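A quick write-up on the structure given underneath.
The first residue in the sequence is number 1, and the count goes up from there. No experiment lies behind these values; they were computed from the predicted model shown.
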Amino acid sequence: MLFAVTLSALFLALALGVANIAFREVKFSTNTRDTNDAFFAADTGAECALFNDKSTVNSFPQSGGPSSIQCADSTINFSTPSPSWNFIVTGLGSTQQSCVKVNVIKDFSLNTTNIISKGYNADDTSCGGSNSNRVERQIELNY
């Protein structure tokens, strides 16, 4: 009887150890996916702003010009041209739930541009939520 109880306790400890390792691997895998989704969302936003700024039709002009850009198969409209433009792109990432907030700031007197792109793994009401599991990655371009 003592031998059976000892053997059962040993198998239980072994099973709990394997289950713990499997749980940590799943958690690590999920964290990696969330980080990649956030980073690639930020990269998509930065590339979108850069492409529209460097295209033959400058989408961020000092005055006049287009009031919308094309990004991720959608049209993003701006209310008025100014030295600072903000836009949000949703439906990105491996689960189509990532989003990105992009801020384009131009200094026309110095001919400089600053693009700040913040990517999130979860679209909490258009990138404005406070999900405790949300991952944020930022890319900043200056030229």
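- More than 12 non-hydrogen atoms from other residues, nucleotides or ligands lie less than 6.0 angstrom from CG of N20.
- Using a 4.5 Å heavy-atom threshold, the side chains of L50 and N52 count as separate.
- Side-chain atoms of N121 come within 3.5 Å of backbone atoms of V135 as a donor-acceptor pair (strictly under, hydrogens ignored).
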Yes or no on side chain to side chain contact (heavy atoms under 4.5 Å, CB included) for S84 and V104, after CA distance, side-chain angles and deciding distance? CA-CA 6 Å; S84 177; V104 178; over 6 Å; no
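- Going from atom CG of N36 over to atom OG1 of T32 covers 7.0 Å, rounded to the nearest 0.5 Å.
- With a 6.0 Å radius and a threshold of 12 heavy atoms from other residues, nucleotides or ligands, F23 has its CZ atom at or below the threshold.
- Side chains of Y143 and K54 form a contact here, defined as non-hydrogen atoms less than 4.5 Å apart.
- At a threshold of 4.5 Å between non-hydrogen side-chain atoms, the residues I88 and V102 do not count as touching.
- I69 and L141 end up in the same hydrophobic cluster when Ile, Leu, Val, Met, Phe, Trp and Tyr side chains are linked at under 4.5 Å.
- Here the shortest heavy-atom pairing between A46 and I115 reads CA-CG2, 4.3 Å.
- Interatomic distance, F39 CZ to T44 OG1, rounded to the nearest 0.5 Å: 9.5 Å.
- Shortest non-hydrogen contact noted between C99 and A41 is O-CB, 3.5 Å.
- Judged by the 6.0 Å distance and 45° axis criteria, R134 is positioned over the aromatic ring of Y120.
- With values rounded to the nearest 0.5 angstrom, Q96 atom CD is found 9.5 Å from D37 atom CG.
- No donor-acceptor pair under 3.5 Å is formed between the side chain of N103 and the backbone N or O of S117.
- A pairwise comparison of heavy atoms in A38 and R137 identifies CB-CG, 3.8 Å as the closest pair.
- One finds a salt bridge joining K106 and D53 here, because a Lys/Arg side-chain nitrogen approaches an Asp/Glu carboxylate oxygen to under 4.0 Å.
- Between I105 atom CD1 and N86 atom CG the span is 8.0 Å, to the nearest 0.5 Å.
- Checked options L92, T90, D43; the residue passing with V100 is L92 (criterion: side chain to side chain contact (heavy atoms under 4.5 Å, CB included)).
- Note that CD of E140 is 9.5 Å distant from NZ of K118, once rounded to the nearest 0.5 Å.
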